[in-house]
Amino acid sequence: MTTVVWWVRRDLRLHDNQALAAALTRARELVPLFVLDPALLAGPTSSQRRNAFLFAALRSLDAALRRRGSRLIVRAGRPEQVLPTVVRESGATLVMAEADGSPYARRRDEAVARSVPLQLVEGSTLRPLGSIRAPTGEPYRVYSQFRRAWFRLPIPSPQDILPAPPRLPPVPRLASEPIPESPLAVPERFAPSEDAARQRLQHFLAQGLASYHLRRNALDGSGSSQLSPYFRFGLLSVREAWCAAARYLDEPDAAAGARAWLDELLWREFYQHLLAAWPESARMSMQPEFRDVAWPGSNDALARWQEGRTGFPVVDAAMRQLVSEGWMSNRARMIVASFLSKLLLVDWREGERFFRRELVDGDLAANVGGWQWSAGTGTDAAPYFRIFNPVLQGEQHDPNGSWVRTWLPELANVPREYLFAPWRMPIEVQLRAGCRIGHDYPAPIVEYESARARALEWFRSVRQAQS
DNA sequence: TAAAAGTTAAG
DNA sequence: TTAACTTTT
Ligand SMILES: Cc1cc2nc3c(=O)[nH]c(=O)nc-3n(C[C@H](O)[C@H](O)[C@H](O)COP(=O)(O)OP(=O)(O)OC[C@H]3O[C@@H](n4cnc5c(N)ncnc54)[C@H](O)[C@@H]3O)c2cc1C
């Protein structure tokens, strides 16, 4: 009788799960195990928002397991203590898990592997971390080069996709702790189940993919798939999503959208590989000249950005959506990241930390990648002079203003022509709109033109000081 | 997946 | 005067 532990971490799914499939080839008994790790659930990088989603997703995974004759075993504690206990209690001879390239996960897995027979299997990325390298053996630091190399290797094929097992082996008698209740609600936008993830993918492929390249920048997020929390926790396999979207490359009407979307999956892939290759990039700028500089931005500026009270409607709407829903569109993320790191000159790591606390899809690799790109400190980043103008961005990507009004009710009656720059309202318009600047809605925290000039000057001086 | 400033030329 | 295009930050 072979008993195998399937250690679930960021792969809360039964479809196309390579770790589960590998476990099943050996198992007469299977122990689906989730460890409530205090370092992740309550540590400095934890997030109530993500915990809420995770706990709910664990409940639906447990239900799906039960429908197949299995169940989820839940244990709280440090993995290097819990795993040996469960292995001993169950008599398991093998622990299978999906590899996770984040720095903490790698340390954790090394520690666990010292006391139990742990085997890691791919699945969180399209290709194994560390497998995309230049001829010199160096990992790529530039996206376009990474992408070119990636396409030279065999791409995922629909034949590789693993179906969900219809039945699962029995679970040995083992105690299980309850899945915690979260004090925070799961955002309504993201139903926490594998079925919901799969339905959303199908819906996006049918309704959104063909126009993705045209609509992806909409500030309200209506033009993108909104699958990020599902990829974050592995309720959906990226490999399966890739193959599903790649089928549309041959359809003339959908090819351009499909290409653009697959490209975003590759950005995800790039950042996962980048963090695995340079774990220190989570804590320091990739460009050395930024490592020892003090960013001049103030704590007060940071606080006003976090609270959505900068006086720039596009920025404030985004920050309020972030805190309220735990999600915002890629366009909104780029704008507020550019605003904090360039117009306010606050260290990008402060923004990264705040995002990581609030985002339901918060992921170290993608978040650090996005922030270093936005702040211009990454190896393949936006150049320092690429500064978003929040007024123009609103005009372009929320043209009828409905997204800004959704998140800033105090601007409900502000005329459209002033919506993205309400400080330009003459006083009588302010009174008529019931929105006095500095009273009902903040005056702008900076004057855009001079903040832009200050940013250009500061970035230029940092670069010059080094060279 | 930037925006401003500068240049040119049609009207 | 302004749209289109190029250069600069
Ligand atoms: C400053 C900043 C911070 C970010 N932090 C995160 C984060 O913590 N977690 C996260 O998942 N994404 C992050 N992103 C990337 C991106 O904004 C989100 O993945 C995307 O908005 C999610 O929406 P979607 O699922 O509708 O994306 P779609 O446009 O439908 O893309 C499909 C999937 O591709 C991946 N993806 C898309 N764009 C990117 C990208 N630029 N980088 C990496 N992966 C991408 C996501 O998994 C996404 O679900 C960040 C971007 C920026 C600029």
Side-chain angles (χ1 to χ4, degrees), chain A residues 141-148 208 211-226 228 256-271 274 286-287 289-290 310 312-315 318 327-345 348 351-352 355 359 361 365-399 403 420-421 424 444 446-467:
Chain A
R141 300 162 182 253
V142 175
Y143 174 71
S144 55
Q145 295 172 2
F146 173 88
R147 185 177 185 280
R148 204 174 311 127
S211 58
Y212 177 76
H213 61 303
L214 304 172
R215 298 214 48 246
R216 47 185 285 207
N217 286 319
L219 272 165
D220 64 6
S222 59
S224 70
S225 70
Q226 304 190 14
S228 48
R259 258 196 306 278
W261 197 66
L262 293 174
D263 220 36
E264 292 311 310
L265 292 185
L266 277 190
W267 272 102
R268 173 185 184 279
E269 185 83 356
F270 174 59
Y271 286 139
L274 198 63
M286 290 287 278
Q287 290 191 29
E289 54 266 43
F290 290 98
T310 67
F312 288 83
V314 163
V315 174
W327 191 84
M328 54 180 158
S329 65
N330 183 245
R331 173 60 50 171
R333 296 181 202 206
M334 290 193 298
I335 295 169
V336 299
S338 167
F339 192 89
L340 184 73
S341 57
K342 292 182 172 169
L343 294 179
L344 300 183
L345 291 176
W348 63 267
E352 192 276 330
F355 265 35
L359 280 171
D361 63 24
N367 200 33
V368 164
W371 274 97
Q372 293 231 34
W373 184 90
S374 299
T377 62
T379 50
D380 183 22
Y384 74 93
F385 47 77
R386 184 169 296 173
I387 298 171
F388 288 80
N389 179 329
V391 179
L392 293 181
Q393 290 287 314
E395 300 285 351
Q396 289 167 26
H397 302 299
D398 185 31
W403 173 75
F420 301 115
R424 292 181 191 149
V446 290
E447 196 270 310
Y448 172 75
E449 297 289 343
S450 48
R452 179 174 186 275
R454 188 175 67 132
L456 290 172
E457 168 58 23
W458 186 77
F459 274 86
R460 200 187 49 72
S461 74
V462 170
R463 294 159 58 87
Q464 210 168 44
Q466 276 297 312
S467 60

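The shown structure was predicted, so the numbers you read here are calculated from the model rather than taken from an experiment. Throughout, a chain's letter reflects where its sequence line sits, starting with A, and its residues are numbered from 1.
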- [ ] State, without any angle test, whether S228(A) and W327(A) hold a side-chain donor-acceptor pair at a distance under 3.5 Å.
- [x]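 Looking only at side-chain atoms, W327(A) and S228(A) do form a donor-acceptor pair, the distance falling under 3.5 Å.
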
Open item on the list: Just by distance, no angles: are the side chains of Q287(A) and T377(A) close enough, under 3.5 Å, to form a donor-acceptor pair?
Closed with: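 Their side chains do not contain a donor-acceptor pair, so the 3.5 Å distance test is not met.
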
Across the strands shown, which category fits [X] at heavy-atom distances under 4.0 angstrom: base, sugar-phosphate, nothing?
{"X": "Y143(A)", "answer": "nothing"}
{"X": "R460(A)", "answer": "nothing"}
{"X": "N217(A)", "answer": "sugar-phosphate"}

Task: R333(A)/D361(A) salt bridge by N-O under 4.0 Å criterion - done: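 Answer for the salt bridge query: yes.
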
TODO: Provide the start and end nucleotides, 5' to 3', of the part of DNA chain B that has atoms under 4.0 Å from heavy atoms of chain A.
DONE: dT1(B) to dA4(B)

Task: Test applied, side-chain hydrogen bond (donor to acceptor under 3.5 Å, both in side chains); reference residue, N217(A); option that passes from Q396(A), R331(A), Q393(A) - done: R331(A)

Open item on the list: Just so I know, are the side chains of W371(A) and L340(A) near enough to count as touching, which here means a heavy-atom distance under 4.5 Å?
Closed with: yes

Task: Nucleotide dT9(C), atom C1' - distance to CG of L343(A) in whole Å - done: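 One finds 14 Å between C1' of dT9(C) and CG of L343(A), rounded.
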
Task: Centroid-centroid under 6.0 Å between Y271(A) and F146(A) rings - done: no

